[in-house]
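Here is the structure we will look at.
Naming: A, B, ... by sequence-line order, numbering from 1 per chain.
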Amino acid sequence: MSQDFILETRNLVKAFKGFTAVDDVNLKIERGAIHALIGPNGAGKTTVFNLLTKYLTPTDGSLLYNGRDITAMKPAAIARAGIVRSFQISAVFPHLSVLENVRVALQSREGNSFHFWKPVKVLDRLNDRAMELLADVGLADFASARTLDLPYGRKRALEIATTLALEPELMLLDEPTQGMGHEDVEVVADLIKRVSAGRTILMVEHNLQVVSRLADRITVLQRGAVLTEGDYATVSADPRVREAYLGVAADEPAAPQSRPASVEALAPEARA
Amino acid sequence: EGISDDKVKIGVLADMGGVYADICGPGCVTAVEMAVEDFGGSVLGKPIEVISADDQLKPDVGSAKVRQWIESEQVDTVAGLVSSAVVGAATKVLTDNKKIALISTAASNAFTTSSCSPYNVHWTYNVTAVANGTVKPMVQAGKKKWFFITADYAFGHALEKVATDVVEQNQGEVVGAVRAPLGTTDFSSYVLQAQASGADVVALANAGADTVNSLKTAAEFGLTQTADVAGLLVFTPNAQAMDPSTAGGMTLTTGFYWDYDDATRAWSARFKERHGAIPAMGHAGAYSMTMHYLKAVEAAGTDDSDAVMAKMKEMKPDDFFARNATLRADGRMVHDMYTVKIKNPDERRDGDDIFKVVDVLAGDQVYEPMLPECNFAKS
Amino acid sequence: MNDKKLYLALFILALAAPAVLYPVFLMKVLCFALFACAFNLLLGFAGLLSFGHAAFLGTGGYVTGYLMINAGLTPELGILAGTLAAGLLGAVYGKLAVRREGIYFAMVTLALAQLAFFFYLQAPFTGGEDGLQGVPRGELFGFIDLSNNLAMYYFVLAIFVFGFWLIRRTVHSPFGQVLKAIRENEPRAISLGYNVNDYKWLAFVISSALAGLAGSTKTLVFQLASLNDVHWHLSGEVVLMTLVGGMGTLLGPLVGAGAIVTIQNYLSGGELGNYIHIILGAIFVVCVLAFRSGIVGQFQKMLKQNF
Amino acid sequence: MTSLKPHFDQQGVATGGRKSHREKIRISDLHAFYGESHILHGIDLRVQQGELVTLLGRNGSGRSTTLRAIMNMVGRRSGSIVVNGTETIGLPPHRIAHLGLGYCPEERGIFSSLNVEENLLLPPQVRSDGMSVEELYEMFPNLHERRYSQGTRLSGGEQQMLALARILRTGANILLLDEITEGLAPVIVQKLGEVLVRLKQRGLTILLVEQNFRFAAPIADRHYVMEHGHIVEEVAANELEAKTELLNTYLGV
Amino acid sequence: MATFLGINLFGLFGQLLVGLINGSFYALLSLGLAIIFGLLKIINFAQGAMYMLGAFGAWLALNHLGINYWAALVLVPLAVGAIGILLERVLVRPIAHEDHLYSLLLTFGIALMLQGLFTHLFGSSGMPYAIPDELKGGTRLPFMYLPDYRAWIIVASAVVCGGTWWMIEKTRLGAYLRAGTENPQLMQAFGINVPLMVTLTFGFGVALAGFAGVMAAPVYSVSPEMGSNLLIVVFAIVVIGGMGSIGGAILTGLGMGIVEGLTKYFYPEASTTVIFLVMVIVLLLKPAGLFGKEA
Ligand SMILES: Nc1ncnc2c1ncn2[C@@H]1O[C@H](COP(=O)(O)OP(=O)(O)OP(=O)(O)O)[C@@H](O)[C@H]1O
Ligand SMILES: Nc1ncnc2c1ncn2[C@@H]1O[C@H](COP(=O)(O)OP(=O)(O)OP(=O)(O)O)[C@@H](O)[C@H]1O
Ligand SMILES: CC(C)C[C@H](N)C(=O)O
Ligand SMILES: [Mg+2]
Ligand SMILES: [Mg+2]
């Protein structure tokens with residue numbers, strides 16, 4: 001027992017009416033790592049995610065966070081305990097300003113959130129911290145903009161800033177780059193790398209480039225069960241993974257491209 | 001002394017658009033206006049003005065309106081007054097301000113008993129009169145077992161109570177009662193319960209559409225064949241809404257019927273011309289009591305409420321509506337009531353020909369005697 | 001601040017108003033305005049449509065009325081008791097209702113309010129559909145006679161100002177900030193660690209207590225508590241007031257209540273009463289088709305466009 | 001790379017004997033608005049029968065809006081859009097579909113009140129030669145397995161498959177596809193590429209909005225690059241190499 | 001007489017049957033409401049007024065046009081449906097994309113206007129409408145006398161409700177309707193004339209209320225108020241059944257008729273309230289209603 005696991009699932013099962021989406025999954029997330037969850041469509045990644053964040057209740061099995069059983073905790077309590085998720089599509093408060101978005105998150109640790117008799121000014125002392133966080137994600141210049149008007153990539157960045165405000169120990173990111181242009185993908189990937197310092201990240205991602213660049217460890221799910229686990233090289237070399245997910249014949253080498261610089265690199269990603 | 005504010009102003013508070021609008025709504029306004037015109041439009045040289053308002057059958061709306069009339073619009077008296085709940089609240093305000101309430105349509109007997117006031121005048125009928133008029137002869141004729149389908153609110157409860165007393169005083173028996181919420185659309189459940197009770201008479205202690213609907217259902221389920229159904233309070237518009245073939249033959253008590261004699265016919269014809277429908281008893285009552293009020297103002301030489309009230313009680317009401325009438329010290333106007341039978345379809349000339357008057361009941365036989373504490377002449 | 005000036009102007013107007021307008025009418029407007037403002041705290045600022053708010057207005061009214069008649073309380077204590085009772089009922093109802101969302105929330109509140117209606121209809125102390133009649137206005141703090149309409153008016157005005165201030169403060173408080181966040185994106189608020197139901201519940205309690213305050217005051221003004229105060233029609237009417245005025249604006253409910261009460265007052269007089277349903281119905285239709293953001297909302301839009 | 005390259009030249013080969021127009025879509029000076037905001041500023045583009053043309057551009061550049069404008073699903077539009085020889089600017093959306101258009105929206109639009117199979121069978125057939133349900137199930141076995149499941153209970157990727165499969169059944173011969181590879185596993189993306197090539201060979205016309213340039217590049221005949229609601233560049237497949245720099249600046253590829 | 005635990009069983013059967021009859025009306029009305037809400041997301045508060053129009057339509061047809069009950073049963077719902085179509089096109093359509101709250105207020109306003117208009121034209125006391133000769137009389141069952149007309153109500157309502165359910169849940173047209181509610185724009189892009197479908201559906205939902213009105217005319221009095229009292233109860237039924245669930249609306253309608261019937265027997269004062277009690281309980285236990293799909 002040398003390794004320090006922040007999160008463990010034990011024999012996790014989720015069955016929907018006559019269909020087992022997650023089948024006896026044992027995950028161990030190492031503290032401080034970036035851990036990616038990949039797998040074919042319908043493998044059960046989102047479901048595992050939802051189980052971890054309590055948006056779904058497990059049919060069977062248990063969840064351990066820092067050695068503590070959290071299987072029965074409520075979503076908001078999980079968040080306060082340090083597990084925070086981001087959403088697939090821009091989860092921001094559209095009609096609050098960018099600064100206010102972050103402040104709402106900071107406020108949840110303040111303990112004055114039920115104080116309806118106090119003026120809102122008491123929140124101003126959170127502004128400095130909020131600005132710091134915005135600066136971290138490159139949004140300092142947009143602090144007073146209405147969030148609705150931000151471009152997509154910036155919304156993602158804001159969401160990450162908001163999540164960071166909670167100082168999570170464990171961040172859960174569900175397809176953080178989905179639907180983004182290449183530029184934004186780069187920006188967000190960099191951002192994730194940056195904020196991973198000092199915390200643990202679990203993410204679901206289809207963009208292999210991002211996965212290969214960021215993930216320390218990868219778990220491949222298939223049909224609700226763990227197919228294999230390891231670092232990128234190990235996993236991508238596994239013929240079963242290549243057949244079920246990557247979609248290349250087992251004898252061809254599979255490797256993620258480094259930054260595409262030429263038309264050669266514009267080939268389908270699964271090709272060498 | 002003299003006329004306050006140089007005019008006599010009458011407010012008509014009635015149900016302008018609700019379930020009792022046909023019984024005393026715009027028609028009551030028409031009746032009061034007719035009285036004012038017939039009186040000549042002015043009294044003691046000062047103009048008479050009529051204003052009206054919709055109480056929406058809500059006590060708070062009605063009493064607020066009355067308060068406003070008195071406090072900021074110089075109203076001298078309020079006529080109409082339909083639903084007992086509204087009237088209860090309105091008469092409180094009127095009494096506090098020493099203004100006269102001319103109650104034409106409300107049914108409760110409370111205004112001249114438990115909550116009597118020197119400023120209340122209750123004109124047309126009350127629950128006691130209709131219960132006595134209808135129930136007593138039936139019990140005496142041997143219909144001993146009674147079942148009540150009662151509207152579940154104060155008016156229904158009051159009607160049921162006085163009727164129950166009448167039944168019991170005459171050695172009858174009440175075998176059951178069921179309280180149906182106001183505005184019940186389906187009475188079949190209650191009719192079945194009435195049927196199961198084995199009663200001789202099923203009495204409808206309700207009013208308006210409730211009466212129409214409960215009777216209809218009673219007929220449909222064959223109750224009318226096995227027992228007598230008695231509508232305790234039926235106004236002419238409601239009787240017109242009943243299927244003549246089932247309602248025909250039913251006996252009830254009323255304070256007025258338009259087709260009673262030439263005097264009633266003459267007035268009713270004028271009313272129908274203006275209002276579009278034959279008058280219900282509240283309409284005629286409203287006319288009659290407004291007339292009486294104005295005569296009293298003229299005789300008293302002032303519109304001061306106490307003086308007018310004294311004159312009203314002193315003078316004997318007498319017109320096409322008020323027959324053999326006295327206005328008692330408690331404010332109860334006691335007059336001849338009529339036992340009528342609803343006509344069968346083949347007896348009817350037209351849609352307005354609905355009742356046949358079978359008996360005239362002397363007022364003092366059907367109204368309750370005056371309570372000593374309500375005898376304001378003494379105190 | 002511009003806002004402050006506007007409020008001050010309105011306050012001065014309110015102080016002077018009884019010189020021109022019938023005080024009881026003004027008091028009615030203020031009571032309904034407070035009711036609508038309380039309702040709007042939920043609808044406009046927490047995104048919760050309660051379709052049973054009359055239950056709280058009525059509870060405040062009945063409790064105050066009953067205690068004033070039977071326990072001889074002074075008006076301020078009577079009102080306090082009514083407000084607390086409504087707040088308490090709000091705490092219970094709110095606990096149940098906030099577990100549901102959207103139209104289901106509205107239906108739960110409606111259904112709970114119907115149960116309250118049934119209670120007040122059947123309970124022996126309420127006087128059934130006669131209502132609690134003859135509630136004394138009493139003497140404020142034991143020495144100000146409230147049977148004087150003017151004295152009563154300024155008392156009601158003070159209550160309204162307090163209620164309005166509390167709502168405004170709540171909206172612009174740390175708590176209000178969280179409410180706003182919840183309304184904007186509830187799942188996100190949960191993921192930030194907020195027990196959103198607790199926040200909705202507190203908003204519900206504040207709103208129902210203030211609705212109760214409005215009801216208590218109204219009972220004192222009219223010296224009557226009646227079933228209409230707990231009827232679902234009134235719950236619907238307050239939605240109308242709020243929409244006509246402009247939901248989600250602080251002043252909207254005040255304006256809306258003023259407009260509706262005036263219209264009703266006007267229509268209830270005389271010949272028009274005959275058409276009251278037709279005219280009210282037409283107002284609904286026109287409002288919905290042409291002025292969805294309400295009078296105040298429309299006004300704000302115009303200001304924005306022209307300046 | 002050659003294995004996936006089309007087997008005909010850039011002009012394509014007209015297939016089928018139908019007397020339809022070679023030019024399937026012709027858009028000129030198209031402006032589109034959402035409420036007050038003016039999104040498209042005078043788009044001109046055309047697509048020939050059997051061609052696969054992509055719209056490239058950054059997030060928010062107006063690619064999806066162009067497709068939606070063709071379907072008359074934007075707030076307001078002006079200019080001219082001729083589909084199969086018919087001017088559609090004045091037509092309601094349901095009439096446009098019957099000109100043989102199949103639209104696969106960005107947000108997938110799976111119906112939660114219908115199960116997977118009902119979703120699949122939902123769009124009315126606009127032509128008779130669509131793919132059969134069996135063919136589609138073979139192509140997307142996940143859908144077959146989950147066919148009685150509520151539509152929106154599918155995983156993100158499965159919903160994407162369903163959205164595409166759904167319009168392939170209708171027999172539409174002009175496909176407007178918006179980000180169909182989004183959220184799909186590489187193995188499926190690869191398969192989709194093959195499918196599109198097959199469709200092209202059947203003579204279908206495809207207008208594709210794609211973020212995944214590496215997916216689009218080898219199968220497309222031409223590319224339009226959009227920015228801020230304008231078309232700023234047109235690149236033929238054989239010019240790709242020469243214009244890499246340019247694409248880099250526009251797309252940040 | 002058979003008794004059980006002191007309860008008169010025969011009486012109880014009678015109440016159950018009567019409850020079922022009432023439930024048939026509830027089923028018809030809630031079905032119309034559920035179609036309009038479930039498929040179009042419009043909360044039609046004018047549904048009660050349409051029911052009233054149906055009853056008045058039958059009365060007017062008989063008294064002014066000489067159209068008998070049977071013809072009215074077909075013609076009046078068509079006419080009411082046509083009025084519904086007009087309302088949808090002229091008033092409801094412009095706000096179709098706004099919050100549901102607005103359609104609720106709009107239709108509430110329409111209901112008020114219609115009710116006011118009919119009170120103004122015909123008074124508030126109601127009009128008599130006789131049971132058609134063919135259905136006069138009744139059958140003596142062991143436990144009660146069942147009027148033929150009441151039996152007819154059960155049959156007619158079952159046929160209409162069942163047919164409607166089948167059409168929506170089991171046919172292609174139904175699938176279009178359900179999908180059209182969720183994403184009308186996309187349905188239109190698939191080539192379906194959604195606006196027309198919406199209009200016709202609204203018309204159909206409203207026509208159901210008109211049908212119920214004609215059915216009701218001979219047993220309840222034809223009066224301007226008849227719909228407004230019923231409306232929130234019917235609305236509650238739709239919610240209990242699960243909004244959007246067509247079968248749920250029908251079954252709950254019948255069920256609530258029975259629950260109400262039993263309440264009338266044991267505690268009549270509560271008969272108008274019991275449905276709300278049921279609603280509170282159901283919503284707290286099953287958030288989406290008895291037959292609703294959880295989100
Ligand atoms: N609520 C549900 N009811 C029934 N089946 C469900 C439900 N949610 C998910 N499923 C099924 O469970 C399986 C796993 O779904 P999940 O969303 O976890 O997949 P995923 O790995 O995230 O896939 P993708 O990469 O496509 O997003 C799928 O086949 C899906 O259809
Ligand atoms: N419904 C809408 N109302 C108002 N503006 C909209 C709407 N939909 C899109 N827009 C705006 O139109 C512009 C173009 O959007 P569009 O969806 O066409 O972009 P896109 O190129 O497809 O990008 P994406 O990668 O985000 O799909 C964006 O600025 C967007 O904010
Ligand atoms: C028949 C009605 C006019 C009686 C009225 N409801 C009352 O309470 O007196
Ligand atoms: Mg997923
Ligand atoms: Mg005077």
Measure the shortest side-chain to side-chain distance between [X] and [Y] over non-hydrogen atoms and say whether it is less than 4.5 angstrom.
X: D:Ser149; Y: A:Phe19; result: no
X: A:Arg223; Y: D:Glu145; result: yes
X: D:Ser155; Y: A:Thr46; result: no

Does A:Asn41 reach the main-chain N or O of D:Gly156 with its side chain, forming a donor-acceptor pair under 3.5 Å?
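Pair absent, no side-chain N/O of A:Asn41 close to backbone of D:Gly156.
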Quick one: CD on D:Gln211 to OG1 on A:Thr177, what's the gap to the nearest 0.5 Å?
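Answer rounded to 0.5 Å: 10.0 Å.
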Under 4.5 Å heavy-atom distance to chain A, tell me which part of D:Glu179 shows up: side chain, backbone, both or neither.
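Neither; nothing under 4.5 Å.
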Please classify the contact of D:Gln159 with chain A as side chain, backbone, both or neither, using a heavy-atom distance under 4.5 Å.
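D:Gln159 has no heavy atom closer than 4.5 Å to chain A.
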Looking at D:His41, I'd like to know if its NE2 atom is crowded, meaning that more than 12 non-hydrogen atoms belonging to other residues, nucleotides or ligands lie closer than 6.0 Å.
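Yes, enclosed.
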Taking atom CD of D:Glu138 as the centre, does the number of heavy atoms from other residues, nucleotides or ligands within less than 6.0 Å exceed 12?
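No, the 6.0 Å shell around CD holds no more than 12 heavy atoms from other groups.
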Answer with side chain, backbone, both or neither: which region of A:Ala43 has an atom nearer than 4.5 Å to a non-hydrogen atom of chain D?
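Answer is neither: A:Ala43 stays 4.5 Å or more from chain D.
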Please report the shortest heavy-atom distance between D:Ala185 and A:Gly39, naming the atom on each side.
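In this case the closest contact between D:Ala185 and A:Gly39 is CB-O, 4.5 Å.
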May I ask you to establish whether D:Arg153 and A:Phe16 are in a cation-pi arrangement, using a distance under 6.0 Å from NZ or CZ to the six-membered ring centre and at most 45° from the ring axis?
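Not satisfied by the 6.0 Å and 45° rule.
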